[in-house]
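Shown next, in structure tokens, is the structure this report addresses.
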Amino acid sequence: MGELLQLRVALAQVDTRVGDVTGNAGSVVDWTARAADAGAHVVVFPEMTLTGYPPEDLVLRESFARASERALVELAARLAERGLGDTAVVVGYLAHTEGSGPAPVDEPPTDDDRPSDANPRRGAPRNAAALLHGGEVVVRYYKRHLPNYGVFDEARYFVPGTELPVVRLHGVDVALTICEDLWVEGGPCGVAGQAGVDVVLSPNASPYERAKDDLRLPLVRRRAAEARATIVYCNQVGGQDELVFDGDSMVVAADGTLLARAPQFVEHLTTVDLAIDPASVPGRREGRIGPMTVTRHVVSAEPVPPFEPAPGVVADPLSDCEEVWRALVLGLRDFIDKNGMPSVVLGLSGGIDSAVCAALAVDALGADRVHGVGLPSRWSSEHSLADAEDLAKRLGLHYSVVPIAPMVDAYESSVELSGLAAENLQARVRGTLLMALSNQHGHLLLTTGNKSEVAVGYSTLYGDSAGGFAPIKDVPKTLVWELARWRNAWARERGETEPIPQNSIDKPPSAELAPGQVDTDSLPSYEELDAVVADYVDRDLGMAELLERGHDPEVVARVLRLVDGAEFKRRQSAPGTKISLKAFGRDRRLPVTNRWRETLPTVREGAQA
């Protein structure tokens with residue numbers, strides 16, 4: 001082992017705002033100052049920090065891309081003016097380069113792609129990261145692998161990069177990659193391993209889904225082994241429409257050792273002291289390596305003076321329910337605050353869904369910004385009103401009661417309605433009243449439907465589905481109960497009032513739109529329903545595969561018919577925080593007009609039924 005080089009790296013796990021180029025740049029300056037105060041030599045920010053992620057079709061506006069490019073250059077100068085020029089900063093941004101893109105990842109743009117009269121497009125957008133130092137943009141890296149699955153549409157927008165820049169910083173060779181580049185074996189990390197580098201700095205915007213933090217560490221370990229270098233993985237935190245980012249930034253050594261890990265769902269500056277043995281890299285190459293061209297740049301060859309290293313901090317993992325709860329709270333808070341909304345309103349029925357939504361809203365915004373309304377009909381039970389009032393007292397939110405029976409009677413005196421039409425009228429009167437209160441007072445209306453109901457269309461258009469945000473839209477009913485029990489236990493352990501009345505947890509769920517009505521009059525048990533929805537929606541299994549997994553054939557046929565028939569309702573539903581493998585909306589997009597239906601498999605002669 002030769003003489004070790006030292007480098008203190010900071011990971012700025014920050015919450016950005018899409019489109020706020022000026023505000024995001026200001027955040028980079030502020031967090032770089034914190035990193036410099038902590039003695040960091042380089043600080044890494046998340047993917048597309050300057051523009052926020054994902055910017056979606058804003059990418060297609062050349063004015064937006066040019067603003068991002070200008071902000072990058074101005075940011076480098078501003079950092080130097082603030083006395084932060086000696087701290088290297090890696091920041092994600094939207095680049096706008098010449099070319100016609102998007103292009104297949106293994107076919108980089110050629111001279112034929114240059115703009116012309118026949119091809120007038122004046123530039124190609126790139127998902128980019130830059131290293132800033134000394135008031136200058138030292139290098140720019142363009143993301144190589146563009147995800148085009150699930151919530152990602154990057155192949156729609158971006159041209160892939162073909163160059164891997166390596167920067168020598170205080171004698172340490174650092175390479176840049178971006179997010180999806182880490183998920184691909186034989187990608188930029190493999191190229192870095194062949195080129196010979198000491199550290200890979202990776203800005204990320206990796207959205208949260210349940211247990212995804214369990215996948216990241218093994219992934220980063222594989223890439224660290226492939227790169228033969230320490231991986232610095234800095235992830236975004238915060239909510240953006242349906243997505244929520246959990247942070248979970250980490251640093252992993254080439255041998256797989258976890259050196260540091262940031263907490264989830266909070267902005268955080270993590271520092272880690274690296275000890276690099278340059279002799280461990282047998283050779284350092286540049287030029288064409290596989291599908292990429294490696295370039296080398298020198299910022300500073302002189303090592304930093306020796307310093308006493310501090311141990312890296314590894315945050316404790318969260319339990320499944322706490323992780324989901326924090327994701328839902330952050331997703332709701334950022335949706336409300338980033339859109340400048342002062343408060344929320346929601347209907348309180350005394351049931352478990354509205355109770356959990358109210359508790360989430362109070363945790364996200366504070367009780368004074370949450371307004372609950374009881375809307376009893378002639379079929380509402382006494383315990384429903386009592387449970388709603390009990391919930392309001394426990395949470396300390398604003399609460400009022402507006403009986404809807406006189407309004408329903410007025411409708412029914414004008415038009416004859418019966419059965420489902422009469423039931424849905426009650427839901428629509430409630431939706432109209434809540435929307436009116438939203439308009440009158442500037443509250444955003446929260447709709448309280450869960451994933452199980454959204455899946456099978458167990459809701460009333462313009463009634464209980466009305467609203468601007470759906471906090472538990474991606475939460476199955478069985479998990480709603482789990483979260484309620486967890487939240488009460490969490491409060492109990494801290495000597496606080498349990499926010500959710502036990503009766504709301506224990507009683508059979510009911511829409512209370514008819515005498516004695518319960519959800520299981522119309523649906524299978526939620527345990528059966530959620531199991532089928534998880535396999536059919538999240539995992540895209542067909543009828544035969546569902547039966548192979550042991551689901552009841554009658555339940556499967558019934559649930560699939562309901563799910564397929566409710567697509568037109570889901571197209572009109574409010575956004576809600578994604579927590580599952582496949583959420584309705586960005587993840588799952590099926591045609592409303594659609595004749596395909598899953599059918600029971602044909603039993604061949606001699607085959608077992």
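Worth knowing before you read on, the calculation uses all heavy atoms, side chains too, and leaves out hydrogens, waters and symmetry mates.
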Out of [options], which one pairs with [X] under the side-chain contact (heavy atoms from CB on, under 4.5 Å) rule?
X: D173; options: I276, D198, V167; answer: D198
X: L332; options: I336, V329, D334; answer: I336
X: L328; options: V244, T577, D363; answer: T577

Are the charged groups of [X] and [Y] less than 4.0 angstrom apart, N to O?
X: R261; Y: D316; answer: no
X: D248; Y: K212; answer: no
X: D474; Y: K578; answer: no
X: R333; Y: D337; answer: no
X: D153; Y: R589; answer: yes
X: E209; Y: K582; answer: no
X: R549; Y: E545; answer: no
X: E62; Y: R66; answer: yes
X: E154; Y: K143; answer: yes

Between the main-chain N or O of [Y] and the side-chain N or O of [X], is there a donor-acceptor pair closer than 3.5 Å?
X: R126; Y: P160; answer: yes
X: R144; Y: E180; answer: no
X: R216; Y: S206; answer: yes
X: R8; Y: H41; answer: no
X: S300; Y: H170; answer: yes
X: R288; Y: G290; answer: yes
X: D255; Y: T257; answer: yes
X: D181; Y: P188; answer: no
X: Q6; Y: V304; answer: no
X: K338; Y: T16; answer: yes

Are the side chains of [Y] and [X] in contact, using a 4.5 Å heavy-atom criterion?
X: S573; Y: F584; value: no
X: T49; Y: V28; value: yes
X: L258; Y: R221; value: yes
X: F152; Y: P54; value: no
X: V89; Y: L131; value: no
X: C234; Y: S249; value: yes
X: Q236; Y: N204; value: no
X: V42; Y: V174; value: no

Criterion salt bridge (charged side-chain N to carboxylate O under 4.0 Å, His left out) on R487 and E482, from CA distance to verdict | CA-CA 9 Å; R487 183 62 181 84; E482 285 183 51; over 6 Å; no

So, [X] versus [Y]: side-chain donor-acceptor pair below 3.5 Å or not?
X: Y141; Y: N127; answer: no
X: Y233; Y: R223; answer: no
X: N235; Y: Q13; answer: no
X: Y157; Y: D57; answer: yes

Mind running salt bridge (charged side-chain N to carboxylate O under 4.0 Å, His left out) on K473 and E242 for me, showing each step along the way?
-> CA-CA 10 Å; K473 178 181 180 179; E242 301 99 325; 5.9 Å; no

Could you tell me the separation between the [atom1] atom of [X] and the [atom2] atom of [Y], rounded to the nearest 0.5 Å?
X: H133; Y: T87; atom1: NE2; atom2: OG1; value: 7.5 Å
X: H96; Y: S63; atom1: NE2; atom2: OG; value: 9.5 Å
X: D273; Y: L259; atom1: CG; atom2: CG; value: 10.0 Å
X: Y93; Y: R70; atom1: OH; atom2: CZ; value: 14.0 Å
X: L318; Y: W325; atom1: CG; atom2: CH2; value: 14.5 Å
X: C189; Y: E226; atom1: SG; atom2: CD; value: 6.5 Å

For I472 and K451, run side chain to side chain contact (heavy atoms under 4.5 Å, CB included): C-alpha distance rounded to whole Å, both residues' side-chain angles, the deciding distance at 0.1 Å, then the answer.
-> CA-CA 7 Å; I472 58 171; K451 186 171 187 174; over 6 Å; no

Report, as yes or no, whether the 6.0 Å neighbourhood of atom CG on D86 holds more than 12 heavy atoms from other residues, nucleotides or ligands.
-> no

Residue E136 excluded, over 12 heavy atoms near CD under 6.0 Å = no

What heavy-atom pair brings [X] and [Y] nearest, and what distance separates the two atoms?
X: P125; Y: L94; result: CB-CD1, 4.0 Å
X: A12; Y: V43; result: CB-CG2, 4.0 Å
X: F335; Y: N339; result: O-ND2, 2.8 Å
X: P263; Y: V266; result: CG-CG2, 3.7 Å
X: A227; Y: V197; result: O-CG2, 4.5 Å
X: T271; Y: A10; result: CG2-CB, 4.0 Å

Taking the six-membered ring for Trp, are Y208 and F265 parallel (under 30°), tilted (30 to 60°) or perpendicular (over 60°)?
-> perpendicular

List the steps and the verdict of side chain to side chain contact (heavy atoms under 4.5 Å, CB included) for T162 and M292.
-> CA-CA 5 Å; T162 60; M292 303 188 77; 5.7 Å; no

Tell me, with the steps shown, if V251 and V9 meet side chain to side chain contact (heavy atoms under 4.5 Å, CB included).
-> CA-CA 9 Å; V251 181; V9 178; 5.7 Å; no

Pair V324-L483, side chain to side chain contact (heavy atoms under 4.5 Å, CB included): steps then yes or no = CA-CA 8 Å; V324 171; L483 291 173; 4.0 Å; yes

May I ask you to check whether F158 and Y142 place their ring centres under 6.0 Å from each other?
-> no

Result for salt bridge (charged side-chain N to carboxylate O under 4.0 Å, His left out) between E56 and one of R61, R156, R586 points to R586

